[in-house]
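Chain identifiers are assigned alphabetically (A, B, ...) following the order of the sequence lines, protein sequences preceding nucleic acid strands; residue numbering begins at 1 within each chain.
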Amino acid sequence: MELYQGPLDIKSIFSRWLDEERESNYGAFIPFIGIVRAEDNIEGLSFDIYEPILESWFNSWVEIAKERGAKVKMAHSIGDVPIHTSSYISAVFSPRRRVALELIDEFVEDFKANAPIWKYDIVDGKRLYAEDRSSPMSGSGILTNKENR
Amino acid sequence: MELYQGPLDIKSIFSRWLDEERESNYGAFIPFIGIVRAEDNIEGLSFDIYEPILESWFNSWVEIAKERGAKVKMAHSIGDVPIHTSSYISAVFSPRRRVALELIDEFVEDFKANAPIWKYDIVDGKRLYAEDRSSPMSGSGILTNKENR
Amino acid sequence: MVKIEFLGPIEQKPLEIEADSLRDVANFLQKIESLNSWLDRCAVAVNGEMCNDLSKRLYSGDIVSILPPVCGG
Amino acid sequence: MVKIEFLGPIEQKPLEIEADSLRDVANFLQKIESLNSWLDRCAVAVNGEMCNDLSKRLYSGDIVSILPPVCGG
C-alpha cells in the first residue's frame, strides 16, 4: 500500500506495478483508476486518511486475494488533488480473468464502504466535507446503541 | 481499436489512453491487461484475427458503452507474443465506478466469447491451435443445422 | 461465383463455387470430408458481417467466411 | 487516562478521560452536545484496530478513535 501527498503519478505507479509482477506468471492485471471529476464548481478534492486502519483493512484484502491465488495493490492520495488528476489506483493480478474481474469489483466496493478515508470538496480554496457521498463504516452506531442508553 | 504485430507496448498504450481522456471528465478508468502465462512448456502464444468482424464487434461495444455514458478502448496483438508479455489490453472510461466495473466485466467476457480471434500455443517453434480453450461464436452450427440436412 | 474462405486454424484453401444462397454453400461444404469436424462449431460471415440465416441470398463476388471457435486475449 | 481522538471532519480536539471500558467512553461522549449529530454514524477503533464491542476493556494509554462516514477514491 502506498500513500502520497497530492495527486498520484498514475503512469509511473502503473509501470512499476507491471514490472514488479512481470515474472509472477499472472495472466490478468486489472487496475482501477479514480479520476477527480469537475462538478459543482469544485477545484479539486482533498483527503484525510487514518493509516493504521487503512493498513489493516488493506492487509485483510491481501489475505483474501492470496486465498484466491491473486494479488492486490493500492495507492491513494493524502491532501489536495486537483480536478482531472488521480487520487486512487488499485489493482488485482490473478492467473485467471474471472477471479480478477470479480476481485477488483469486490475490492473497490469494499474500499468505498470501509477504507478510513475522508473526502472534502475544495471550493474557493476551502475544504467542505463530502457528507452526501460518505457512508458510515461497518460497525457504526456502537456508541449510541440502545443497550447503552 | 488498435492492432499490433507482436507483443503490445502496454505502458505506452496505457499512458496514451489516459492522456486522450484527461479532459473528458470521466471518474473511473479500468483497463484489463492480458499477460501470456508460462504453462505447458509453451514459448508464447500466436494470434490470427479477422479484422472486418472484429471491427464491427468492437463498434457494437462502442455503442453499448455510449448508451451508458461510457467509452471503451481496445488493443490486440497479431502473430507471436512471448510468455510474460501482453497480447491484449481493453479499457472502460465512465463517469461512475459501478458502470465501469460492470461494463469491463461484460466487455471482456463477450470479447472472449465472440471476438474473431484464433489462438495458438507456440511449442518448439510450431503453432498449435488452442482448441481446448476456444469457444464456438454465437450462431455457430448454422451450416449443419437439421432443417438443412 | 461466390468465394468461401476458411479462417484461423482450418486448413482448407479458399473455394469458389456457384451458389444462390447460404443454404447452397452449406450443402456444398457438408460434402467435404475434411470439414466434417469443423462445421458444427463454425459461425459464418458474409462480406464481413455475421450471418445466421441460411436463406441469405448470395451474389457473384460475395465472400463467405467460415469462423471456427475463437479465443482472444 | 484514555485518549479519545476524532478523525476526519469532526471538529473536536482530542480528549483524555478515565475509562475502564468502551461503554464508559460511549456514556461520556453522549453528553457532548456537539457530537450528537456524529455519534450515530461513527465507528470506533481502539489502538488502531476496529472495535464493535462496548464491553472492550480499556487501559491507561489506550487510544480510542472515532471514525465518521468515509468516502475514499
Side-chain angles (χ1 to χ4, degrees), chain A residues 3 32-37 45-58 60 74 76-78 81 86-90 107-121 127-149, chain D residues 2-58 61-73:
Chain A
L3 300 176
F32 177 102
I33 295 112
I35 306 171
V36 178
R37 300 188 69 212
L45 298 174
S46 191
F47 298 91
D48 289 340
I49 288 185
Y50 184 47
E51 277 196 51
I53 296 291
L54 185 59
E55 193 80 41
S56 57
W57 174 86
F58 178 73
S60 73
M74 178 187 137
H76 202 286
S77 296
I78 301 172
V81 182
S86 289
S87 51
Y88 175 51
I89 177 170
S90 58
F107 181 51
V108 169
E109 289 298 327
D110 193 54
F111 170 82
K112 280 282 173 183
N114 285 307
I117 301 180
W118 296 279
K119 178 183 283 181
Y120 307 82
D121 292 331
R127 290 173 117 209
L128 306 174
Y129 176 47
E131 188 165 5
D132 55 324
R133 281 158 282 156
S134 300
S135 329
M137 298 173 73
S138 88
S140 286
I142 176 183
L143 295 173
T144 54
N145 74 8
K146 281 207 192 94
E147 79 175 286
N148 191 44
R149 280 176 199 267
Chain D
V2 166
K3 185 176 177 187
I4 311 171
E5 59 175 16
F6 301 87
L7 299 180
I10 310 180
E11 290 177 347
Q12 166 71 51
K13 292 246 159 69
L15 304 168
E16 301 219 19
I17 69 167
E18 295 288 350
D20 292 329
S21 72
L22 201 53
R23 179 166 282 109
D24 292 348
V25 172
N27 287 331
F28 179 84
L29 294 180
Q30 286 174 20
K31 291 173 187 137
I32 301 180
E33 182 81 25
S34 62
L35 294 178
N36 270 354
S37 64
W38 286 110
L39 290 191
D40 268 357
R41 299 176 290 146
C42 282
V44 175
V46 177
N47 300 328
E49 289 187 30
M50 300 305 293
C51 180
N52 290 326
D53 177 9
L54 279 185
S55 66
K56 168 87 173 173
R57 283 279 296 159
L58 296 177
D62 279 356
I63 297 178
V64 175
S65 306
I66 309 300
L67 296 87
V70 296
C71 182

Which heavy atom of D/G48 sits nearest to which heavy atom of A/P52, and what is that distance?
CA-CB, 3.9 Å
Under a 4.5 Å heavy-atom cut-off, does chain D meet the side chain of A/Y120, its backbone, both or neither?
side chain
By a 4.5 Å heavy-atom criterion (distance strictly below it), what part of A/S90 contacts chain D: side chain, backbone, both, or neither?
neither
Which residues satisfy the side chain to side chain contact (heavy atoms under 4.5 Å, CB included) test with A/I78, sequence neighbours excluded?
A/L3, A/Q5, A/I49
Do you know which of A/L54, A/I53, A/D48 has the most heavy-atom pairs under 4.5 Å to chain D?
A/I53
Per-residue contact mode, A/E131 against chain D (heavy atom under 4.5 angstrom):
side chain
Rounded to the nearest 0.5 Å, how far does OG of A/S138 lie from CE of D/M50?
6.5 Å
Taking A/W118, A/Y50, A/W57 one by one, which has the highest count of heavy-atom pairs under 4.5 Å against chain D?
A/W118
Listed partners of D/R57 passing salt bridge (Lys or Arg N to Asp or Glu O under 4.0 Å), at least two apart:
none
Would you compute the distance between atom CD1 of A/I142 and atom CG of D/N52 and round it to the nearest 0.5 angstrom?
5.5 Å
So which part of A/S135 gets closer than 4.5 Å to some heavy atom of chain D, the side chain, the backbone, both or neither?
both
Counting heavy-atom pairs under 4.5 angstrom with chain D, the leader among A/F32, A/F47, A/Y129 is A/Y129
Anything under 3.5 Å between a donor and an acceptor, one on a side chain of residues 6-15 of chain D, the other on a protein residue two or more places apart or in another chain? List them.
none

Closest heavy-atom pair, D/L39 versus A/L143, reported as atoms and distance to 0.1 Å, is CD2-CD1, 4.0 Å
Sort out for me which of A/K112, A/E51, A/R133 touches chain D most, counting heavy-atom pairs under 4.5 Å.
A/K112
Part of D/L29 lying under 4.5 Å from any heavy atom of chain A
side chain
Would you please go through residues 66-73 of chain D and name the residues with a non-hydrogen atom below 4.5 Å from one of chain A, in numerical order?
D/I66, D/L67, D/P68, D/P69, D/V70, D/C71, D/G72, D/G73
